[in-house]
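Let me begin by presenting the structure, written as structure tokens, before commenting on it.
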2 protein chains.
Amino acid sequence: MPANRRPRARAEKRDEIVTAARRLFVDDGYDATALSKIAAAAGVTANTVYWYFPDKDHLLVAVLEELLADALSRYEPMAQRPLADKIMFAVQELSAMRNLVDTVHARRAASPAIDQWHTGFHEVADALTRSELPPDDAEPASHIIAFVVEGLLTHPAGETEQREIIDLLVDRIT
Amino acid sequence: MPANRRPRARAEKRDEIVTAARRLFVDDGYDATALSKIAAAAGVTANTVYWYFPDKDHLLVAVLEELLADALSRYEPMAQRPLADKIMFAVQELSAMRNLVDTVHARRAASPAIDQWHTGFHEVADALTRSELPPDDAEPASHIIAFVVEGLLTHPAGETEQREIIDLLVDRIT
DNA sequence: ACCTGAACACCGTTCAAGT
DNA sequence: ACCTGAACACCGTTCAAGT
């Protein structure tokens, strides 16, 4: 029996696991989601997950990649809007990751895979803001924007308060 | 035998546990520190800790209170310096909490005690910055400062890069 | 009041065994 | 190649028992 008889089936099963993990991670958070729950939701046993992912952290990375890709795919219409709208959009779009931001930071030291995703994420974020910033301050300014976006994700505020913060930030920083 | 024969001894034992927990939490992080390690460092068994604290989260709160009190006690000489110096000082002083910032955010949903400490912390931080800010923007501006401080704690940068970010922030926001 | 040994329920992960 | 049942080492927490 050949090794790769149904490569399609493997990808599909993997997707089912990622989809289940995504829903549970986003809704309940990483720590509160036991691998056995994810496995049950995907119709397998807990240890089967290890045939598709080396560990729970790599499964989180797969989920983060999906979430980020989804957010970016919806970003295009924003390309022409002012920076404040882009940041507002980013905060709303990334709010699905809200429960996971702290987990990513917390597990960075323990998991090279998560550390790597985190670095890549900030590179993408940096690239998106930097082009809109005065070249002289682009470096520190882009960091400030990233910190505020993360802060707004971690400390959910009302819509108007959020706008106030972003408007002030963009007004002063650009 | 009276119930409170040696109230002093109880406080001392409690302190030993907090001191051990503080060192381990700061050095290794909350998740990586098993209660049994703390207990061993304090010369007791793991379950004995539960006679002094209702759970691991409350022990973390006790540690956070110590760290914050220490930082504030060193803050006085800063009172007359410019805002940028104060923020720089805050980041350096709170860097002992670096490993715990994400834990506090992550466990806020699960632990009312941690949530409460977190709220109090931001009230203190807000009060310290707000007086230095133009009253019109004080609310959003103080949030931006808090977000940048947290961002610098979570994403350690070089000393000069850090200064660049803080200087730009203070220059623009005040 | 204070502390312990033993147990409980749960976790991520490993492994030998099946197909 | 893919999946499982059973086990492992570990965790926070509880509890009956000692002093």
Side-chain angles (χ1 to χ4, degrees), chain A residues 1-18 20-21 24-25 28-63 100 103-104 106-114, chain B residues 1-18 20-21 24-25 28-63 100 103-104 106-114:
Chain A
M1 214 183 281
N4 292 334
R5 195 162 47 102
R6 290 200 57 208
R8 203 49 165 302
R10 174 170 176 84
E12 277 162 14
K13 199 77 198 167
R14 206 193 106 111
D15 275 358
E16 281 175 47
I17 294 172
V18 173
L24 290 161
F25 284 165
D28 305 338
Y30 183 79
D31 286 330
T33 301
L35 218 53
S36 59
K37 275 194 213 166
I38 299 169
V44 291
T45 5
N47 47 5
T48 297
V49 174
Y50 286 84
W51 203 85
Y52 294 90
F53 299 92
D55 54 34
K56 198 186 176 189
D57 290 309
H58 281 80
L59 180 50
L60 174 59
V61 169
V63 168
L100 301 174
T103 301
V104 167
R107 294 206 61 72
R108 209 147 55 97
S111 166
I114 289 181
Chain B
M1 213 185 284
N4 293 334
R5 195 162 48 100
R6 290 199 57 207
R8 203 49 165 302
R10 174 169 175 85
E12 277 161 14
K13 198 78 197 166
R14 206 193 106 111
D15 274 359
E16 281 176 47
I17 295 172
V18 173
L24 289 161
F25 284 163
D28 304 339
Y30 183 80
D31 285 330
T33 302
L35 219 50
S36 59
K37 275 194 212 167
I38 298 169
V44 291
T45 2
N47 47 6
T48 297
V49 174
Y50 287 83
W51 203 85
Y52 295 89
F53 299 93
D55 54 35
K56 198 186 176 188
D57 290 309
H58 281 80
L59 179 52
L60 174 59
V61 169
V63 168
L100 301 175
T103 301
V104 167
R107 294 208 59 73
R108 209 146 56 95
S111 164
I114 289 181

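Side chains are part of it too, since the values below use all heavy atoms of this structure and drop only hydrogens, waters and symmetry mates. Chain naming here is simple, since letters A, B, ... match the order of the sequence lines and numbering starts at 1 in each.
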Mind calculating the distance between NZ (B:Lys37) and P (D:dG12) to the nearest angstrom? 10 Å
Side-chain N,O (B:Thr45) to OP1/OP2 (C:dT4) below 4.0 Å: yes
Looking only at atom types and distance, does a side-chain atom of B:Asp55 sit under 3.5 Å from a main-chain N or O of B:His58, one as donor and one as acceptor? yes
Integer-rounded Å distance: D:dC10 C1' and B:Asp31 CG: 13 Å
Roughly, in whole Å, what's the span from CD1 in B:Ile38 to P in D:dG12? 8 Å
Of the listed nucleotides D:dC3, C:dT4, C:dG12, the one nearest the side chain of A:Ala34: C:dG12
Side-chain atoms of B:Thr48 come closest, of C:dT4, C:dT13, D:dC3, to C:dT4
Between A:Tyr30 and A:Val104, does a side chain to side chain contact (heavy atoms under 4.5 Å, CB included) hold up when you go through it step by step? CA-CA 9 Å; A:Tyr30 183 79; A:Val104 167; over 6 Å; no
For the pair made of OH in B:Tyr50 and P in D:dT13, what is the distance, rounded to whole Å? 3 Å
Here the distance between atom C1' of D:dA1 and atom CZ of A:Arg14, to the nearest Å, is 17 Å
B:Phe25 vs B:Thr103, test: side chain to side chain contact (heavy atoms under 4.5 Å, CB included). Steps then yes/no. CA-CA 10 Å; B:Phe25 284 163; B:Thr103 301; over 6 Å; no
Whole angstrom is fine here: how far is it from NZ in A:Lys56 over to P in C:dG12? 4 Å
Stems in DNA chain D, runs of 3 or more consecutive Watson-Crick or G-U wobble pairs with both distances under 3.5 Å, sorted by first number, are C:4-8 with D:12-16, C:12-16 with D:4-8
Closest non-hydrogen atom pair, B:Ala41 against B:Leu24: CB-CD1, 4.4 Å
Please state how far atom CG in B:Asp55 lies from atom P in C:dA9, giving the value in whole angstrom units. 20 Å
Listed nucleotide nearest any side-chain atom of B:Tyr52, set C:dC3, D:dC3, D:dG12: C:dC3
Can you check side chain to side chain contact (heavy atoms under 4.5 Å, CB included) on A:Phe53 and A:Ile17, steps first, answer last? CA-CA 10 Å; A:Phe53 299 92; A:Ile17 294 172; 4.0 Å; yes
Out of D:dT14, C:dC3, C:dG12, minimum distance to the side chain of B:Lys13 belongs to C:dC3
Check whether B:Thr33 reaches the backbone of B:Gly29 with its side chain - one donor and one acceptor, N or O, closer than 3.5 Å. yes
Nearest to side-chain heavy atoms of B:Val44, which nucleotide of C:dT4, D:dT4, C:dT14: C:dT4
Would you kindly give the CG-to-P distance between B:Leu60 and D:dT13, to the nearest whole Å? 12 Å
When all nucleic acid strands are considered with a 4.0 Å heavy-atom cut-off, which category describes A:Phe53: base, sugar-phosphate, or nothing? nothing
State, yes or no, whether a side-chain contact exists between A:Val44 and A:Lys13 at a heavy-atom distance under 4.5 Å. yes
